[in-house]
Amino acid sequence: MDLKELIIREKLPRHIAIIMDGNGRWATSRGNMRVFGHQNGVESVRQTVEAAGELGVEYLTLYAFSTENWNRPRSEVDALMGLMVNAIQDETENLHKNNVRLSAIGELDDLPENVRKQLQSAIDYTAQNTGLNLVIALSYSGRWEITSAIKKIVEDVKSGNLDAETINSCLLETYLNTYTIPDPELLIRTSGERRISNFMLWQLAYTELYFTPVLWPDFRKKDLYEAIIDFQRRDRRFGRVKEQAKAVTVNN
Ligand code: IPE
Ligand code: IPE
Ligand code: MG
């Protein structure tokens, strides 16, 4: 039976986030340069976006480049940035045809100008679309995001626009990059690593984590289906007891 048929449509995660890992290992195990793995990861992105859109997932966040990834060798960073420009350029029309709305989170000011411009034009081009919301995390890290939020809160308190007494977790959320996006219900990390690597630290508080040994360039629609099926078999309790939790969803 087709794996897709096993997915319960009424219990789809609203938001799936993916740490796309293992490109380098995929390439070096084939005797190639790491960048070859990144290039081949683009097809996995294409398939995952298509599968999520077809299923009716509302939000898909892809971790494409972390704050810490700036510390990689210059040649790899340059190659990744070049690839980013080309991929956005090549895929924008296709995303648009599929009614995908693109957005980005992260310290976008740190990106090279050509990446920033290409990204912004794709975001503008797809802004009216009403299907899948595709969020690219670029130059992003959870600690950077929370630190930036705190800085903005302090500025607003200092300037008198915010009463410090009103600060609570709901207020803090409105200062995050993701303030319009529900927290991920499912996080997938490929390549067998079992860590968060500074991704969405705030938002992952009650997310179901799914780790697969599949390396990102090998990730296909069926791998997404498997992760969703696994997610649908879990008991989400949000700190409560099972009977109560059935009636509760933790956010939005
Ligand atoms: C993920 O693959 C892509 C980025 C982090 C940009 P890696 O480049 O981390 O591949 P591995 O983990 O070294 O195999
Ligand atoms: C996490 O992968 C970041 C992205 C996938 C963009 P890394 O490969 O950078 O993470 P570590 O170094 O293995 O923790
Ligand atoms: Mg890695």
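Values below: every heavy atom of this structure, side chains too, minus hydrogens, waters and symmetry copies. Numbering of ligands and ligand atoms starts at 1, following listing order.
- Remark: ligand 1 and Trp26 share no N or O pair separated by less than 3.5 Å (distance only, no angle test).
- Residues Asp183 and His15 bring no donor and acceptor atom of their side chains to less than 3.5 Å of each other.
- Within the 4.0 Å heavy-atom criterion, the part of Ala64 lying near ligand 1 is the backbone and not the side chain.
- Each of the following atoms of ligand 2 lies closer than 4.0 Å to a heavy atom of Asp21: 2 (O), 8 (O).
- Side-chain contact check for Ile229 versus Ile7: some heavy-atom pair is nearer than 4.5 Å.
- Summary of contacts: the protein heavy atom closest to atom 1 (C) of ligand 1 is Met20 O, 3.0 Å.
- Between the side chains of Ser121 and Asp124, no donor N or O sits under 3.5 Å from an acceptor N or O.
- When side chains are defined from C-beta on, Glu145 does not count as touching Met200, because their heavy atoms never get closer than 4.5 Å.
- Tally of protein N, O or S atoms closer to the Mg ion (ligand 3) than 2.8 Å: 1.
- Put simply, the side chain of Tyr63 gets close to the backbone of Tyr140: a donor and an acceptor are under 3.5 Å apart.
- Interface of His38 with ligand 1, defined as ligand atoms under 4.0 Å from a residue heavy atom, comprises 3 (C), 8 (O).
- Ser141 places a side-chain N or O within donor-acceptor distance of the main-chain N or O of Trp144, the cut-off being under 3.5 Å.
- Every atom of ligand 2 is numbered from 1 in the order shown, and the set under 4.0 Å from a heavy atom of Ile19 is 1 (C), 5 (C).
- Compare Glu76, Arg72, Glu68 by their heavy atoms: the one nearest to atom 8 (O) of ligand 1 is in Arg72.
- Closest to atom 12 (O) of ligand 2 among all protein heavy atoms lies Arg195 NH2, 4.6 Å.
- With hydrogens left out, the protein atom closest to atom 2 (O) of ligand 1 is Asn23 N, 3.2 Å, a heavy atom.
- No side-chain donor-acceptor contact under 3.5 Å links Glu208 to the backbone of Arg236.
- Heavy-atom contacts from other residues, nucleotides or ligands closer than 6.0 Å to CZ of Arg34 number more than 12.
- Electrostatic pairing of Asp156 and Lys152 does not count as a salt bridge here, judged by no charged N lying under 4.0 Å from a carboxylate O.
- Under the 4.5 Å side-chain criterion, counting only non-hydrogen atoms from C-beta, Tyr59 is in contact with Arg14.
- Using a non-hydrogen distance threshold of 4.0 Å, Gly22 registers as a contact of ligand 1.
- Between Trp202 and Thr178, every side-chain heavy-atom pair lies at or beyond the 4.5 Å cut-off.
- Ligand 2 has an N or O atom lying under 3.5 Å from an N or O atom of Asn69, backbone or side chain.
- Residue contacts with ligand 1 for Glu193 are absent, since no atom lies close enough (heavy atoms, distance under 4.0 Å).
- Of the candidates Trp216, Tyr140, Tyr63, Phe65, the one placing a heavy atom closest to atom 3 (C) of ligand 2 is Tyr63.
- Considering only non-hydrogen atoms, atom 11 (P) of ligand 2 lies nearest to Ser197 out of Ser197, Gly24, Ser141.
- Ser139 and Trp70 are linked by a side-chain donor-acceptor pair at a separation below 3.5 angstrom, with hydrogens and angles left out of the test.
- Residue-to-ligand polar distances place Arg25 within reach of ligand 1: an N/O pair is separated by less than 3.5 Å.
- Trp26 shares a hydrophobic cluster with Phe36, Leu215; the chain of contacts runs through ILVMFWY side chains whose heavy atoms sit under 4.5 Å apart.
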